[in-house]
S.K.: 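Please find one structure pasted underneath; my questions will follow.
Reckoned from all heavy atoms, side chains included, excluding hydrogens, waters and symmetry mates. Just follow the structure's listing: the first ligand is 1, and inside any ligand the first atom is 1.
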Amino acid sequence: MTETAKAPAHLANNYGARSRTMVRGEGVYLYDADGRQYLDFTAGIAVCSLGHAHPKLAQAIAEQARTLIHCSNLYLNPWQIRLAERLAALSGLARAFFCNSGAEANEAAIKLARRYQSVVCGRPDKTRILSLPGGFHGRTLGALSITPKPAYHEGFRPLLPDCEAPASWDELPGLVDERTAAVFVEVIQGEGGVRPVPVDLLQAIAARCRETGALLVVDEVQTGIGRTGTMFAFEQAGIRPDIVTLAKGLAGGVPVGAVLAREEVAAAFAPGSHGSTFGGNPLAMAAALAVLDTVADPAFLAQVREVGAHLGEVLNRFGTEVAGRGLMWGMTVPDAKAYVEAAAEQGVLLTALGETRVRFVPPLTITHAHVDELAARLERIALA
Ligand SMILES: Cc1ncc(COP(=O)(O)O)c(C=O)c1O
């Protein structure tokens, strides 16, 4: 194992020490600098939707690199137009703004919601933004302001004003009022421990948004693009968002973010309202188009649901409070960090969420056999 006591000398220490250095990936496997093979149930934190070194994705990226990587938004590029069309057809949300990460997508969604209320609806006082406890929306100051986790706020205050979260999920619908610009929700809270939000609560929030004119923003940064067995998780909750934010799995590992919005909401952005130099560049767009070519196939999504159901069943042998959908699962163990380290020793990569939750977000390309291999390797933890 490659031991690193603290971050290498010239790297910022925000990620702390890491004990493994990864140098290569193939399918659902990662290989470290010492040549050890790992079954990758992190997929770069729900990013590598097609696994590692996927031939079609690699080819699309290589071809695009030979054609045009970047030209900025001073000009149109055909890949951006095609991806926006594709996402509109899949989501029912007419317009897309592209950026480079989940935080950046949520940042843009906050701005879009406030500007919609102010400019389109003539309600500049309608600025309040609500989110759910346990929610995670990113680390930039705006996205952090709607991520109600005090530990993440330490040393960064003051945050954006008018952002609030109740003490418990059930209180949220009651907080949505005439001053609320938007409510941000995840259908399954990812960083919050892989905790599915009850469908009736999501529907109650959606109903309050309709009654008050608040926008319903569904953060699908982690759950989107097939992760939960449908293209978007909101499809399984019977709600119709005004805005959806995407990132992570959309381009299979090439940085990308997207904000999808209804036509009327998207109209709040006029030329000059918002922008991003790299956003929507041909390389990221071509990668996302290649990912969608595979993931948007109904047979592929059916396979995610089928293999995911098997994974959910298997996990009951190893932890409690097993929860999730598709290929996004969490379970409770006594000590998550110790479990993740023990799993890595057995050649399985997992992520710890807080003290006691362990997350499983493998490439969407895994098979039944990989899940059985996972089970065999996890069984060895008890014996080790
Ligand atoms: C639901 C959700 N929203 C936003 C983000 C932030 O994304 P990024 O790290 O790309 O800024 C994450 C990252 O984990 C996430 O899970």
S.K.: For Glu104, which part has a heavy atom under 4.0 Å from ligand 1: side chain, backbone, both, or neither?
M.R.: neither

S.K.: Side-chain atoms of residues 193-205: list all donor-acceptor pairs with protein atoms under 3.5 Å, sequence neighbours left out, distances to 0.1 Å.
M.R.:
unit_1 : atom_1 : unit_2 : atom_2 : d
Gln203 : NE2    : Ala237 : O      : 3.0

S.K.: Counting distance only, does the side-chain N/O of Glu220 pair as donor-acceptor with the main-chain N or O of Glu186 below 3.5 Å?
M.R.: no

S.K.: State, without any angle test, whether Gln80 and Asn281 hold a side-chain donor-acceptor pair at a distance under 3.5 Å.
M.R.: no

S.K.: Mind checking whether Ala247 contacts ligand 1 via backbone (N, CA, C, O), side chain (CB onward), both or neither, at a 4.0 Å heavy-atom cut-off?
M.R.: neither

S.K.: Within 45 degrees of the axis of the six-membered ring of Tyr152 and under 6.0 Å from its centre: does Arg139 put its NZ or CZ there?
M.R.: yes

S.K.: I'd like a table of donor-acceptor pairs (distance under 3.5 Å, sequence neighbours excluded) in which one partner is a side-chain atom from residues 43-50, with atom names and distances.
M.R.:
unit_1 : atom_1 : unit_2 : atom_2 : d
Ser49  : OG     : Gly249 : O      : 2.9

S.K.: Does the protein put a heavy atom under 4.0 Å from atom 9 (O) of ligand 1?
M.R.: no

S.K.: Looking only at N/O atoms, are Gly138 and ligand 1 under 3.5 Å apart anywhere?
M.R.: no

S.K.: Applying a heavy-atom cut-off of 4.0 Å, say which part of Thr140 lies close to ligand 1: side chain, backbone, both or neither.
M.R.: neither

S.K.: If I apply the N/O under 3.5 Å rule, does Lys248 come out as touching ligand 1?
M.R.: yes

S.K.: Give yes if a backbone or side-chain nitrogen or oxygen of Gln222 is under 3.5 Å from a nitrogen or oxygen of ligand 1, and no if not.
M.R.: yes

